[in-house]
Amino acid sequence: MAKIGFIGVGNMGGPMAINLLNAGHSVKVFDLAADAVKACVEAGGEAASSATEAASGVGVVISMLPKGEHVRQVYLGESGIIAAAGEGTLFIDCSTIDVATAREVSQAATVAGKMMVDAPVSGGVGGAEAGTLTFMVGGPAGAFEAAKPLLEIMGKNIVHTGASGNGQAAKICNNMILGISMIAVSEAFVLGEKLGLDHQTLFDIASTASGQCWSLTSYCPVPGPVPTSPANNDYKPGFSAQNMLKDLNLSQEAADGFHASTALGHAAMDLYEKYVSGEGEAADFSGIINMIRKS
Ligand code: NAD
């Protein structure tokens, strides 16, 4: 059984760490929030007093942190975990962050004689709890193979997306499609309403015609057609509009840096910015239909 350090055990990291514990691994956890650590300790984990302590004396370190700045702070520098961890340690960063930071941190790990993959996820808190996440993994083949058995405990689809940073690239490209398609589906339902078209009728047509997409068939932004979608639960997240805006900011930052034309991605980011700064601050990302209806 592996000795694992787990840093950042919030909404996603907490259940991921608990799945590793349930599979019989030994897990040392660290988080700035004491409550988050407590839940893991109750499931059999050991509390570490710092990130560097969590990364010491283990073979693998997994992190699930909010943003690139947190990843840099935890990993880099003399007081970072790359310096603190033993030779040959495998780092798996599951946070959703910018591609440039993912590549810089992986490079620092390699220079220090350690292995690293960026392994952002899709599947949300439900997927983290059920151990059914999709992992998009960037990094050398050897590091991917070493990480895979642990990722298989926390997820169902484990995909090697190429070199370091490519896990983040896959994640932000996918979520750019998601943000754009949710707005497209929402605009279509609002136009349909104004034209006197019943929600279920439009759903039945579009879900079997060329308008078919995940935002429609799995996460429909109007209540009724897909009973499990947040629209049926007052747009409680789910996948928050804040997180969608974060991911759209990441894809736009990458598009600007690499001169990719993403006019719709940019428009989606602007609309989510407006939604999050108003009624959507605490809502699911599909709630953007309510702002579109009032526009
Ligand atoms: P969260 O805020 O619930 O958890 C992050 C945890 O990191 C918090 O408990 C926080 O205290 C801790 N933390 C922050 N800085 C730290 C530091 N320096 N040292 C130790 N701990 C620190 O967020 P989350 O929803 O679990 O998301 C984590 C990551 O997963 C984000 O990058 C997010 O974009 C991504 N993600 C989230 C979802 C989702 O549905 N929540 C889905 C896919 C991906």
Side-chain angles (χ1 to χ4, degrees), residues 5-19 27-41 45 47-55 61-77 79-82 84 91-99 101-102 105 118-137 151 154-157 167-168 170-176 178-179 182 214 218-219 230 235-251 253 272 276 282-286:
F6 207 120
I7 300 165
V9 284
N11 291 328
M12 294 293 289
M16 290 163 70
I18 288 171
N19 282 334
V27 186
K28 266 203 287 187
V29 296
F30 176 69
D31 194 294
L32 297 176
D35 276 359
V37 174
K38 195 166 157 237
C40 294
V41 170
S49 60
S50 65
T52 48
E53 191 193 318
V61 179
I62 303 174
S63 52
M64 192 48 156
L65 296 162
K67 291 183 176 173
E69 68 211 57
H70 305 107
V71 172
R72 296 172 66 89
Q73 185 208 337
V74 165
Y75 276 80
L76 299 177
S79 55
I81 60 172
I82 293 177
F91 295 106
I92 305 174
D93 180 39
C94 300
S95 328
T96 301
I97 64 169
D98 58 289
V99 174
T101 296
V105 175
D118 50 293
V121 305
S122 94
V125 175
E129 286 169 352
T132 56
L133 294 169
T134 291
F135 283 91
M136 294 153 260
V137 190
L151 300 181
M154 300 181 284
K156 201 170 60 170
N157 300 314
Q168 301 296 350
K171 166 80 185 177
I172 61 175
C173 288
N174 177 73
N175 279 21
M176 187 174 77
L178 179 61
M182 181 53 77
W214 189 91
S218 295
Y219 217 87
Y235 298 94
K236 291 195 179 70
F239 184 54
S240 68
Q242 299 255 13
N243 271 337
M244 174 50 79
L245 177 59
K246 175 194 159 188
D247 292 355
L248 288 168
N249 277 318
L250 288 174
S251 51
E253 198 182 299
Y272 273 102
V276 165
D284 186 79
F285 85 109
S286 62

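For ligands, and for the atoms within them, numbers begin at 1 and follow the listed sequence. Sequence positions, counted from 1, serve as the residue numbers for this chain. Since the structure is predicted, the reported quantities are computational estimates derived from the model, not experimental observations.
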Among all protein heavy atoms, pick the one closest to [atom] and tell me residue, atom and distance.
{"atom": "atom 30 (O) of ligand 1", "answer": "M64 CE, 3.2 Å"}
{"atom": "atom 4 (O) of ligand 1", "answer": "G10 CA, 3.4 Å"}
{"atom": "atom 3 (O) of ligand 1", "answer": "N11 N, 2.9 Å"}
{"atom": "atom 40 (O) of ligand 1", "answer": "G124 CA, 3.6 Å"}
{"atom": "atom 35 (C) of ligand 1", "answer": "T96 OG1, 3.6 Å"}
{"atom": "atom 8 (C) of ligand 1", "answer": "D31 OD2, 3.5 Å"}
{"atom": "atom 15 (N) of ligand 1", "answer": "L32 CD1, 3.6 Å"}
{"atom": "atom 14 (C) of ligand 1", "answer": "P66 CD, 3.6 Å"}

Exercise: do N249 and Y272 side chains pair donor with acceptor under 3.5 Å: no
Check: [X] side chain, [Y] main-chain N or O, donor-acceptor pair, under 3.5 Å:
{"X": "K28", "Y": "E53", "result": "yes"}
{"X": "D31", "Y": "V9", "result": "yes"}
{"X": "N157", "Y": "F135", "result": "no"}
{"X": "K38", "Y": "A33", "result": "no"}
{"X": "Q168", "Y": "D98", "result": "no"}
{"X": "Q73", "Y": "E69", "result": "no"}

Polar-atom distance check: [X] versus ligand 1, any N or O pair below 3.5 Å?
{"X": "L65", "value": "yes"}
{"X": "D247", "value": "no"}
{"X": "C94", "value": "no"}

Please work out which of K246, M16, Q73, M12 has its closest non-hydrogen atom nearest to atom 33 (C) of ligand 1.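 Looking at heavy atoms only, the winner is K246.
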Of all the heavy-atom pairs spanning S286 and D284, show the shortest one and how long it is.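 What the structure gives for the nearest pair is OG-OD2, 2.6 Å.
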Of all heavy-atom pairs linking A48 and F30, the shortest is O-CD1, 3.4 Å
Just to confirm, does any protein heavy atom lie below 4.0 Å from atom 18 (N) of ligand 1?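 Given the 4.0 Å cut-off, atom 18 (N) of ligand 1 counts as touching protein heavy atoms.
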Hey, is atom 23 (O) of ligand 1 under 4.0 Å from any protein heavy atom? no
Can you list the atoms of ligand 1 that are under 4.0 Å from a heavy atom of G8? 7 (O)
Which ligand 1 atoms are under 4.0 Å away from a heavy-atom of F30?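 Near F30, meaning under 4.0 Å from one of its heavy atoms, ligand 1 has 19 (N), 20 (C).
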Around atom NZ of K246, are there more than 12 heavy atoms of other residues, nucleotides or ligands at under 6.0 Å?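 Yes, enclosed.
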Can the ring centroids of Y219 and F239 be said to lie less than 6.0 angstrom from one another? no
Using heavy atoms and a 4.0 Å limit, tell me yes or no: is S122 in contact with ligand 1? no
So is K171 touching ligand 1 or not, going by heavy atoms under 4.0 Å? yes
Check A51 against ligand 1 and report side chain, backbone, both or neither, counting heavy atoms closer than 4.0 Å.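 Answer for A51: neither.
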